[in-house]
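This report concerns only the one structure given below.
Start at 1 with the first residue, then count along the sequence.
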Amino acid sequence: FLSGSQISMEGFFVRLCVFVSCVGLALGQIDCACDVSLVLDVSGSIRKVDYPKVQAFADTIISSLTSKMGKGTKGARVGVIAFSNEAKVISPITDNASSLVSAVKLMKKTYGTTRTDLAIDESVKMLTTNRPKDKCVTMLVMTDGISNYPMDTQRS
């Protein structure tokens, strides 16, 4: 089940798609055992001047989620995937906040197409492989546009 909404972040529009449950965790509204896959568009349609906003958005989400890590919660964890022509795992699911922040800082902008389908597939794999049964999962997809392969994205 995918739902989407569009928000503006300093004039930069992002589309958030939430997969499955535990959305409130990202908003700090609930405390649950949740794995979150943060999926970031780094394709050519993201202008060079806007790329730092992608990283700032990721940092904001990571900060919100990691504030729940290691403080007696049931175990919120985050993984990061970047996508353009291909989907690349930037950080596997972890509860190590400093490694997540470092991984996002090192993430490079590319100039390829928008293969949202590959990113969703990679995220599903990340969220379902070796997943403890007591964890809910959430996928947050940030993109500025439409997939270059909309039928494949819909299938994913």
Side-chain angles (χ1 to χ4, degrees), residues 1-9 11-30 32-48 50-62 64-66 68 74-95 99-100 103-104 106-156:
F1 168 74
L2 286 172
S3 66
S5 64
Q6 198 168 46
I7 62 171
S8 174
M9 196 173 82
F12 181 64
F13 289 95
V14 295
R15 182 171 303 276
L16 295 177
C17 295
V18 181
F19 179 67
V20 188
S21 61
C22 261
V23 177
L25 178 68
L27 303 174
Q29 296 171 342
I30 60 174
C32 70
C34 198
D35 284 350
V36 178
S37 173
L38 184 56
V39 182
L40 305 170
D41 184 347
V42 296
S43 68
S45 60
I46 304 287
R47 297 181 310 165
K48 190 174 182 176
D50 290 327
Y51 186 68
K53 294 175 187 175
V54 172
Q55 291 175 303
F57 173 79
D59 286 344
T60 298
I61 296 295
I62 289 168
S64 173
L65 293 170
T66 58
K68 296 189 169 293
K74 297 176 186 174
R77 303 183 309 165
V78 180
V80 180
I81 295 170
F83 71 97
S84 61
N85 288 338
E86 60 186 16
K88 180 179 178 186
V89 174
I90 301 301
S91 173
I93 297 272
T94 181
D95 61 0
S99 73
L100 286 162
V104 169
L106 294 173
M107 188 174 66
K108 302 290 183 202
K109 180 188 175 354
T110 66
Y111 295 94
T113 60
T114 306
R115 291 297 306 263
T116 312
D117 58 311
L118 298 178
I120 291 170
D121 291 345
E122 189 65 35
S123 181
V124 168
K125 186 167 56 171
M126 174 187 280
L127 291 168
T128 57
T129 303
N130 300 320
R131 177 181 155 237
K133 296 208 181 296
D134 64 338
K135 295 263 187 202
C136 65
V137 294
T138 299
M139 179 190 305
L140 296 174
V141 178
M142 192 222 62
T143 182
D144 71 333
I146 299 170
S147 174
N148 290 101
Y149 298 86
M151 296 303 288
D152 291 338
T153 300
Q154 206 169 28
R155 174 199 47 82
S156 293

- [ ] For T153 and D117, indicate whether the former's side chain and the latter's backbone hold a donor-acceptor pair under 3.5 Å.
- [x] yes

Task: Under the side-chain contact (heavy atoms from CB on, under 4.5 Å) test, residues paired with D121 that sit two or more places apart - done: R155, S156

- [ ] Report yes if the side chains of V104 and L106 come closer than 4.5 Å at any heavy-atom pair, otherwise no.
- [x] no

TODO: Starting at OG of S123, measure out to CG of L118 and round the result to the nearest 0.5 Å.
DONE: 12.5 Å

Task: Test side chain to side chain contact (heavy atoms under 4.5 Å, CB included) applied to Y51 and R47, Q55, K53, the passing residue - done: Q55

Open item on the list: Assess the residue pair T94 and V78 against the criterion (side chain to side chain contact (heavy atoms under 4.5 Å, CB included)); give the C-alpha distance rounded to whole Å, side-chain angles, the decisive distance to 0.1 Å, and a yes or no.
Closed with: CA-CA 5 Å; T94 181; V78 180; 5.9 Å; no

Open item on the list: According to side-chain contact (heavy atoms from CB on, under 4.5 Å), who are the partners of T60, at least two apart in sequence or on a separate chain?
Closed with: none

Task: Heavy-atom pair with the smallest gap, counting every atom of G44 and K109 - done: CA-NZ, 3.7 Å

Task: Check against side-chain hydrogen bond (donor to acceptor under 3.5 Å, both in side chains), T114 and S43 - done: CA-CA 6 Å; T114 306; S43 68; 3.1 Å; yes

Open item on the list: As an exercise, state the distance from NZ of K125 to CD of E122, rounded to the nearest 0.5 Å.
Closed with: 4.0 Å

Open item on the list: Walk me through whether D144 and D50 qualify under side chain to side chain contact (heavy atoms under 4.5 Å, CB included).
Closed with: CA-CA 10 Å; D144 71 333; D50 290 327; over 6 Å; no

Open item on the list: Let me confirm one number: the CG-CE distance from L38 to M139, rounded to the nearest 0.5 Å.
Closed with: 11.0 Å

Open item on the list: Within the 4.5 Å heavy-atom criterion, are I93 and T129 side-chain neighbours or not?
Closed with: no

Open item on the list: Could you check whether R77 pairs with D95 (Lys NZ or Arg NE/NH1/NH2 to Asp/Glu carboxylate O, under 4.0 Å)?
Closed with: no

- [ ] Check the pair L140, V39 against side chain to side chain contact (heavy atoms under 4.5 Å, CB included), reporting the backbone distance first and the verdict last.
- [x] CA-CA 6 Å; L140 296 174; V39 182; over 6 Å; no

- [ ] Using side chain to side chain donor-acceptor pair (under 3.5 Å) as the criterion, list what pairs up with N148, not counting sequence neighbours.
- [x] none

- [ ] Under the side chain to side chain donor-acceptor pair (under 3.5 Å) rule, collect the residues that match up with T116, sequence neighbours excluded.
- [x] none

TODO: Carefully, step by step, assess I46 and T143 under the rule side chain to side chain contact (heavy atoms under 4.5 Å, CB included).
DONE: CA-CA 8 Å; I46 304 287; T143 182; 6.0 Å; no

Contacts table for residues 80-90: side-chain donor-acceptor under 3.5 angstrom, sequence neighbours left out:
{"residue": "S84", "atom": "OG", "partner": "T110", "partner atom": "OG1", "Å": "2.8"}
{"residue": "N85", "atom": "OD1", "partner": "T113", "partner atom": "N", "Å": "2.7"}
{"residue": "N85", "atom": "OD1", "partner": "T113", "partner atom": "OG1", "Å": "2.8"}

